[in-house]
Structures are given as structure tokens and as C-alpha cells.
Number of protein chains: 4
Amino acid sequence: MRNKEQTYKQIMETAFTMFSEKGFDQTSLTHIASEIGISKPAIYYYFKSKDELIKTLFEMIVAEIQSITFIDLEELDAKNVKSILYQVGESAILRQEKDLKFNQLFNHYVLLSTRDDYYSEQLTKIQKDFLNIFENILTKAVHLNAIKEENIVIKSQLLALVFDNITTFILTDIKLDYKKIWREAVDSVLKGIEHDEQ
Amino acid sequence: MRNKEQTYKQIMETAFTMFSEKGFDQTSLTHIASEIGISKPAIYYYFKSKDELIKTLFEMIVAEIQSITFIDLEELDAKNVKSILYQVGESAILRQEKDLKFNQLFNHYVLLSTRDDYYSEQLTKIQKDFLNIFENILTKAVHLNAIKEENIVIKSQLLALVFDNITTFILTDIKLDYKKIWREAVDSVLKGIEHDEQ
Amino acid sequence: MRNKEQTYKQIMETAFTMFSEKGFDQTSLTHIASEIGISKPAIYYYFKSKDELIKTLFEMIVAEIQSITFIDLEELDAKNVKSILYQVGESAILRQEKDLKFNQLFNHYVLLSTRDDYYSEQLTKIQKDFLNIFENILTKAVHLNAIKEENIVIKSQLLALVFDNITTFILTDIKLDYKKIWREAVDSVLKGIEHDEQ
Amino acid sequence: MRNKEQTYKQIMETAFTMFSEKGFDQTSLTHIASEIGISKPAIYYYFKSKDELIKTLFEMIVAEIQSITFIDLEELDAKNVKSILYQVGESAILRQEKDLKFNQLFNHYVLLSTRDDYYSEQLTKIQKDFLNIFENILTKAVHLNAIKEENIVIKSQLLALVFDNITTFILTDIKLDYKKIWREAVDSVLKGIEHDEQ
DNA sequence: GATGAATGAGAATTCATTCAT
DNA sequence: GATGAATGAATTCTCATTCAT
């Protein structure tokens with residue numbers, strides 16, 4: 001009741017958890033408020049509407065995704081292409097296994113995007129950025145002479161699809177060795193286009 | 001509209017369309033009934049509750065998925081492993097591009113599964129079946145001496161993930177050459193483990 | 001619970017009374033429903049929204065006003081101009097004294113019209129019709145040679161204003177002899193323009 | 001904005017405008033506060049409650065009405081009865097055309113009076129004062145031998161009703177020549193009871 | 001087979017009001 | 001003098017569900 005920042009944070013965190021677990025429609029502000037132990041109108045003090053809360057949370061998530069998937073291409077050199085690629089996937093797998101809620105919530109936004117243009121546009125942007133990451137890595141690798149310029153657009157899209165779906169599969173009850181699968185993906189895709197010294 | 005079977009069918013079809021477009025929570029029985037031009041209680045004549053309608057629809061979808069993804073391993077021989085794999089993906093891509101609603105609705109069930117054990121269990125089964133398809137193909141290919149026995153479990157899981165995510169990506173606004181991506185996936189995965197005569 | 005027409009009528013009547021007594025904002029659907037002894041959603045079965053209930057009631061009132069203020073000009077002849085005018089006012093005064101709620105509710109619509117174009121337009125129409133009634137009577141009287149053609153537009157507007165405000169004043173606690181006032185208005189206005197035989 | 005008096009004035013002025021435009025129920029303290037640029041609780045520093053703000057504003061209006069409708073009977077003499085009466089109406093019409101908000105707000109209090117005895121009593125008093133003004137003028141005119149003592153109570157009430165409704169009609173979209181109507185009213189009412197020299 | 005009429009529960013939102021600071 | 005933070009109560013409205021007919 002005293003600390004503004006704290007209440008705000010609590011709302012965001014509780015919303016994050018509840019939305020990720022039950023979706024937007026099944027999570028009422030009454031639920032959120034009573035979970036935190038505040039009154040419903042208190043939420044309205046911080047957010048103009050439920051939609052605004054959902055949107056604010058989305059922006060937070062987007063920012064986080066962008067910071068997480070950021071890769072410094074400067075680090076890339078002829079020798080470490082593969083290990084960088086391994087690492088990108090492995091760190092995502094690790095994070096996802098630790099914070100299942102994150103991707104879960106993200107999926108709710110994906111469905112929300114089918115009925116709301118704002119989310120639809122934003123998500124398309126994110127997905128494109130995401131595809132670009134792998135294309136940029138492979139393109140740079142070509143310039144570095146680490147791999148041959150062969151079908152690299154398609155190959156990078158393939159990697160992106162695998163990467164993306166691994167994080168989704170982790171949400172299911174199916175326990176696979178996702179790290180190995182990712183390494184296999186990287187290996188398979190690069191096999192044959194790596195230069196000899198690699 | 002008088003005919004029992006017909007009304008039932010109409011309810012199922014309308015539910016299919018509306019659920020896929022707006023999700024379960026955003027589709028009320030009132031909407032469905034008025035879309036068909038029947039009264040709301042009429043739905044209760046055919047389905048005990050909204051949940052039961054959702055479940056019945058799910059069972060229909062599951063049956064359809066199983067019939068669609070069925071592959072007759074008998075057809076497989078040493079020479080056509082790759083083309084069979086190509087075909088599996090391509091026919092799925094074709095179908096999906098024609099009937100976006102199907103996968104869209106499936107995604108709603110995926111999210112529903114996070115808060116309902118019944119769906120969670122069913123979906124896990126489906127995903128496992130799905131993983132098995134590719135494992136069975138590759139295993140058979142090994143027996144047929146078409147490919148070497150090298151990491152084939154992981155490889156088949158990799159193919160399954162790509163296959164699965166292609167159908168999901170088709171739903172987004174991002175237009176990629178999914179057929180090429182799938183061929184690349186098959187090629188990459190089999191590269192190096194194919195026997196010479198292949 | 002059984003009779004559709006009855007429930008509808010009850011809602012309309014209760015809304016009529018409560019709206020006229022407390023205005024639209026201070027009358028909640030909960031109030032109306034509990035006054036009738038039905039549930040709140042029952043009202044929604046008959047009216048799409050509170051606004052629609054308000055509008056339906058308005059249309060009823062407008063129809064009633066039109067039927068009440070209708071005057072058959074055919075009845076008018078050179079001898080009865082004054083007595084017809086007396087009668088118009090007296091019957092309105094009588095009705096208003098019997099059904100205070102009616103004009104009270106009408107006043108709420110007048111205020112509503114300041115924030116809703118629909119009501120604003122409708123009310124302007126009604127007021128104009130109303131002004132026309134007196135103009136038509138006086139014009140006809142001129143044709144009948146009952147009165148001289150002298151300032152009759154202004155005179156008819158004057159009568160309309162008096163007529164209108166009498167019904168409003170009746171709502172207040174001030175008891176005046178409204179019939180006498182109305183007769184005085186008619187007499188004053190016609191004085192000097194009546195033809196000799198009148 | 002720092003100054004106590006000034007903030008008080010701003011609240012009163014903003015309340016005046018907003019209440020007159022949207023009525024009491026549709027004007028929230030939040031609206032008023034944000035319009036002024038102060039916090040909602042600040043209003044509570046000056047007024048115990050919303051009701052008190054409404055009441056204070058009412059008292060201000062009543063005072064203004066009384067000052068506006070005050071007529072110095074001393075000015076009246078046998079020659080200027082009509083011109084004084086013309087003037088009373090014309091200045092009211094002029095003022096009203098300039099400040100529509102005033103009468104609009106007054107109307108809100110009229111409706112409020114139907115559910116609140118305080119306003120009901122106050123308004124009755126005002127209306128009576130108002131009726132008295134015209135009665136006093138005509139009575140004085142009789143004493144001055146300007147007009148005959150004939151039905152002057154009813155006549156003065158008639159004038160009051162016309163006067164009152166003119167200011168109300170100005171609020172509607174109907175543009176009439178209110179000055180002419182008023183003159184017609186005065187002329188009609190006095191016609192026949194004026195003394196010859198008049 | 002189907003519906004008209006109705007309901008209880010619960011949703012988002014707004015408001016006047018309070019109080020520690 | 002003024003406000004940030006919060007609340008209880010109320011509002012409109014929607015929904016899944018029921019049941020007599």
C-alpha cells in the first residue's frame with residue numbers, strides 16, 4: 001500500500017504468471033488483484049485497462065526477447081561459427097527450461113495476434129528479426145570464408161524454424177534431448193558447406 | 001435444419017470455424033447458435049455443455065490428424081526414402097496452405113492443454129506418434145540399407161520439429177518457401193549417411 | 001416468468017416510473033429488475049442494452065405526444081376557434097395533472113438531448129410540430145375569416161410557449177390556476193384580431 | 001494554481017461548465033480535476049463532497065438569478081410600463097443568448113429538484129419570486145393608473161410563464177424571434193387594459 | 001427435436017471518497 | 001495546501017446453463 005514501484009511490479013509479475021498459465025480471457029483482474037492482496041481498482045490506478053496491462057506486459061516481453069536473441073556478430077570469426085551457433089541455441093534452451101512461463105505467455109500473444117492487428121504486426125516483426133539473426137550469422141560466415149555460399153537463406157530459415165520449435169516443444173511434457181537436436185541441426189545444415197580448415 | 005444429423009454437422013462446422021478464428025473463450029454459444037440460425041438451447045440437445053462440444057471437436061481433429069499423418073511403411077524401399085520424405089512434408093504444406101483453420105484450431109487446443117490435463121495427455125500422445133513417424137521411416141530406411149544407422153533418433157526428432165513448425169509458420173504472415181526449407185531439412189539430415197548407391 | 005408480453009410491459013412501466021422519478025443515470029437496471037422481481041439479465045432478454053430501453057421508451061412517449069397533440073383542423077369553423085383553443089390547452093392540463101410522470105420523463109429526455117444527437121434531432125422535430133399546431137389553427141382561422149391576418153406566426157409561437165410551459169410548471173409545487181392562465185393567453189392573443197361577429 | 005482563492009475559483013468555473021454541459025451524473029470529479037490540472041483529492045480540500053460542490057454552485061446561481069431579475073420598481077411610472085416590461089424580457093434574452101450555459105445548468109438543478117427536497121424548496125421559492133416580479137410591476141402600474149385592475153394576477157402569471165419559457169427555448173436548436181414574441185406577449189396582455197393616455 | 005424465457009455468476013470499468021504523507 | 005495510492009460499492013453487460021412447454 002505504500003510502495004508504488006512494488007505494487008506495480010507485483011501486478012506485472014502476477015499478471016505474467018497468471019496470463020501465462022491460464023491465458024488472458026481466463027485471468028480476470030479480480031483474480032490478479034486478490035492474488036496480490038490488493039483491490040481491483042488498484043490495478044486501474046496503474047493500468048488504464050486490462051488491455052493496457054496486457055500490452056505493457058507484451059512490450060516487456062518483446063524487449064526481453066530482443067535482448068536475449070541479440071548476437072554480436074563482431075565475435076564471429078572463421079573458427080567459431082559452429083560454436084557460436086551451438087551456443088545461441090543452448091543458451092535459449094537453458095533459459096526456456098528454467099522459465100517455461102515465458103514462452104507459454106508468448107504463445108498466448110501469438111494467439112491474441114489472430115484477433116488483434118497490433119500484436120499481429122509486432123509478432124511478424126519479431127519473427128522476421130528472428131529469421132534475420134541466422135541469416136546474418138551465415139552471411140557473415142560466408143564473408144569470413146568459414147562456409148560456402150550455398151543456399152544459405154534457406155539454411156538459415158531452417159535453423160530458425162528448428163530453434164523456434166525447440167522452445168515450444170520444451171513446454172510440452174515430451175522430454176527430448178533438445179541440445180543434441182540443436183547440435184544435429186547445426187551440424188546437418190553446415191555439413192558439406194564448411195571449408196576444409198573448419 | 002430439421003434433420004438431426006444436419007444440425008449436428010452444422011454445429012460442428014460452425015464451432016470449428018469460429019473456435020479456430022477467435023478461440024474458445026471468445027466464441028460464445030450464442031454466437032454459434034445465431035450464426036447457424038438455431039436457438040442456443042438447441043446446442044444443448046446435441047452437446048451436454050460447451051466443454052463437451054470443444055472435446056468432441058477435438059476428437060474429430062485428432063482422428064483427422066491420425067488419418068492424415070499415416071504413412072504406409074510398406075511403400076518404402078531403398079530407392080525412395082528421400083522422395084517419400086519430401087512428399088510427406090509437401091503434402092502437409094499443401095494441405096495446410098489450403099486449410100489454415102485446421103492448424104489454427106489445433107493451436108487453440110495446444111494452449112488449452114496447458115490448463116487441462118485431458119488435452120495435455122492427448123496432445124502428448126499425438127506429438128509422440130508424430131515423432132515416431134519419422135523415427136519409423138528412418139529406422140526402416142536403415143533396415144533397407146538405404147542409410148547408415150547414425151544418430152537416427154535425433155535426426156528423426158529434428159525432422160519432426162521442422163515439419164511441425166512449418167505448419168505453424170504458415171499461419172503467420174511470413175511467406176517463406178516452405179517446400180524448399182523442407183527439402184533442405186531432408187537433404188541436410190540425410191547427407192553423409194546415405195549409402196553410395198543412393 | 002411465463003408471460004412474455006407481461007414481463008415486457010412490466011419492464012417498460014417500471015422503467016417509465018423510475019426514469020421519470022430519478023433520471024436515467026440514477027436508475028440502474030438492477031433497481032428496475034429488483035423492483036419487478038426479475039433478474040437483471042432478464043431485461044437484456046428484451047432490450048439489447050440500457051440505451052435501447054431508454055430509446056424504446058422514448059419512441060413510445062413520442063407516439064403518445066403525437067396522438068395527444070393531434071388536432072383535427074376539419075372541426076374548426078368560424079364560430080369555435082376560441083373554444084377549440086381553450087379545449088386544446090385544458091385537455092393537456094388535465095392529462096398532465098393526472099400523469100405528472102409523463103412530462104417529468106420528457107424533461108429527462110430534453111436533458112439527454114444535450115449529449116445525444118439522436119434525441120436532440122427528435123426533440124427539435126417535436127418542438128417544431130408543436131409550434132406548427134398553433135400556427136395551423138390560426139392560419140385556418142384566418143381563412144375562415146374568424147380572425148384577421150395580423151402577426152399570426154408570432155402569436156401562434158407565443159401560444160405554443162405558454163402551452164409548453166404550463167405543462168412544465170404543473171410539475172413544480174406551485175399551484176396556479178393553469179386553466180385560467182391558458183384562457184387568458186388565448187383571449188389576450190386573439191383580442192383585437194377577432195372579427196366582429198366573433 | 002498555487003493560490004487558494006484561485007484554485008477554488010477554477011473548481012467552481014470548471015464545475016459550472018462541465019455540469020452545465022453534461023449534467024451532474026455524467027461529470028465525475030476526476031474529469032473536473034484533470035481538466036483543471038489538479039489532483040482529485042484537492043477538490044476535497046475545498047468541498048466536503050461532490051454534493052457540496054453542487055450545492056455551492058447552486059447557491060451562487062441563485063444569488064446571480066436574484067441580482068439579475070431584480071427590478072427597481074421606483075423607476076416605473078405611468079408612461080414607461082410597457083417599455084420597462086419590454087426591457088426586462090429583452091435584457092434576459094440577450095443575456096441568455098450570450099450565456100447559454102447558465103440556463104442549461106439551471107435546468108439540471110430543476111431536474112435534480114425532483115429527487116432532492118432541498119432543491120425543490122429552493123426552486124419553488126425562486127419561481128415564486130419570479131412570479132411576483134411581474135405581479136408587482138402590474139400592481140404598481142395599476143396604482144400609477146397606467147392600466148386597469150383587471151385580472152392582473154393571471155396576466156402577470158402569464159407573462160412570467162412566457163418569459164420563463166423563452167429562456168428555455170433559446171437552449172434548443174429552434175431559432176425564433178424571441179424579442180418579437182416577448183413584445184407580442186406584453187402587447188397582448190396589456191391590450192385593452194391600458195388607459196387611453198397610454 | 002427445439003425454443004422462449006429466465007437466471008446466477010462473474011466480467012471490466014468507473015466513481016466518490018479516504019488517508020498517510 | 002495538496003497528492004499518491006488505494007478502496008468499497010455500484011454499474012453495464014455477457015455467458016453458460018436450465019427448464020417448462
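Convention: sequence-line order gives letters A, B, ...; per-chain numbering from 1. Since the structure is predicted, the reported quantities are computational estimates derived from the model, not experimental observations.
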Quick check: closest heavy atoms across C:L111 and C:T114, and the distance to 0.1 Å?
O-OG1, 2.7 Å

Which heavy-atom pair separates A:I11 from A:I43 by the least distance, and what is that distance?
CD1-CA, 4.0 Å

For D:F58 and D:Y109, take the angle between the two ring planes, folded into 0 to 90°, and tell me which bin it lands in: parallel under 30, tilted 30 to 60, perpendicular over 60.
tilted

Counterpart base for E:dT7, defined by Watson-Crick or G-U wobble contacts under 3.5 Å
F:dA16

Considering every strand shown, what is the Watson-Crick or G-U wobble mate of E:dT21 when both distances are under 3.5 Å?
F:dA2

Give a yes or no answer on whether the side chain of A:S120 reaches the backbone of A:D116 with a donor-acceptor pair at less than 3.5 Å.
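No, A:S120 side chain to A:D116 backbone: no donor-acceptor pair under 3.5 Å.
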
Can you measure [X] atom [atom1] to [N] atom [atom2] for me and round it to whole angstrom units?
{"X": "A:Q10", "N": "F:dA5", "atom1": "CD", "atom2": "P", "answer": "14 Å"}
{"X": "A:F47", "N": "F:dA6", "atom1": "CZ", "atom2": "P", "answer": "12 Å"}
{"X": "B:I36", "N": "E:dA2", "atom1": "CD1", "atom2": "C1'", "answer": "13 Å"}
{"X": "D:D25", "N": "F:dA10", "atom1": "CG", "atom2": "P", "answer": "15 Å"}
{"X": "A:I32", "N": "E:dT13", "atom1": "CD1", "atom2": "P", "answer": "12 Å"}
{"X": "B:F19", "N": "F:dA16", "atom1": "CZ", "atom2": "P", "answer": "8 Å"}
{"X": "D:K22", "N": "E:dC15", "atom1": "NZ", "atom2": "P", "answer": "9 Å"}
{"X": "C:D51", "N": "F:dT11", "atom1": "CG", "atom2": "C1'", "answer": "13 Å"}

If you assign each of B:L29 and C:L29 to its closest nucleotide in DNA chain F, which residue comes earlier from the 5' end?
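Result of the comparison: C:L29.
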
If you find the nucleotide of DNA chain E closest to B:I43 and the one closest to A:F24, which residue's nucleotide is nearer the 5' end?
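Upstream on the strand: B:I43.
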
Can you work out whether A:H31 or D:K50 has the more 5'-proximal nearest nucleotide on DNA chain E?
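Per heavy-atom nearest nucleotide, the more 5' residue is A:H31.
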
Strictly below 4.0 Å: does [X] bring a side-chain N or O up to OP1 or OP2 of [N]?
{"X": "A:Y45", "N": "F:dA6", "result": "no"}
{"X": "C:S49", "N": "F:dT12", "result": "no"}
{"X": "D:T7", "N": "F:dG1", "result": "no"}

Return the nearest nucleotide to the side chain of [X]; candidates are [options].
{"X": "B:Y44", "options": "F:dT3, F:dT17, F:dT11", "answer": "F:dT17"}
{"X": "A:A42", "options": "F:dA2, F:dT12, F:dT7", "answer": "F:dT7"}
{"X": "C:S28", "options": "F:dC13, F:dT11, E:dT17", "answer": "F:dT11"}
{"X": "B:S39", "options": "F:dT17, F:dA6, E:dT3", "answer": "E:dT3"}
{"X": "D:P41", "options": "E:dA11, F:dA5, E:dT13", "answer": "F:dA5"}
{"X": "A:Y46", "options": "F:dA5, F:dT12, E:dA6", "answer": "F:dA5"}

Salt-bridge present (C:R115, C:D25; N to O < 4.0 Å):
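The answer is yes: the pair qualifies as a salt bridge.
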
May I ask you to check if B:K101 and B:F16 form a cation-pi contact, with NZ or CZ under 6.0 angstrom from the six-membered ring centre and within 45° of the axis?
no

Does any N or O donor sit under 3.5 Å from an N or O acceptor when you compare the side chain of A:K40 with the base of E:dT13?
yes

Could you give the distance separating F:dT21 and E:dG1 at their P atoms, to the nearest angstrom?
22 Å

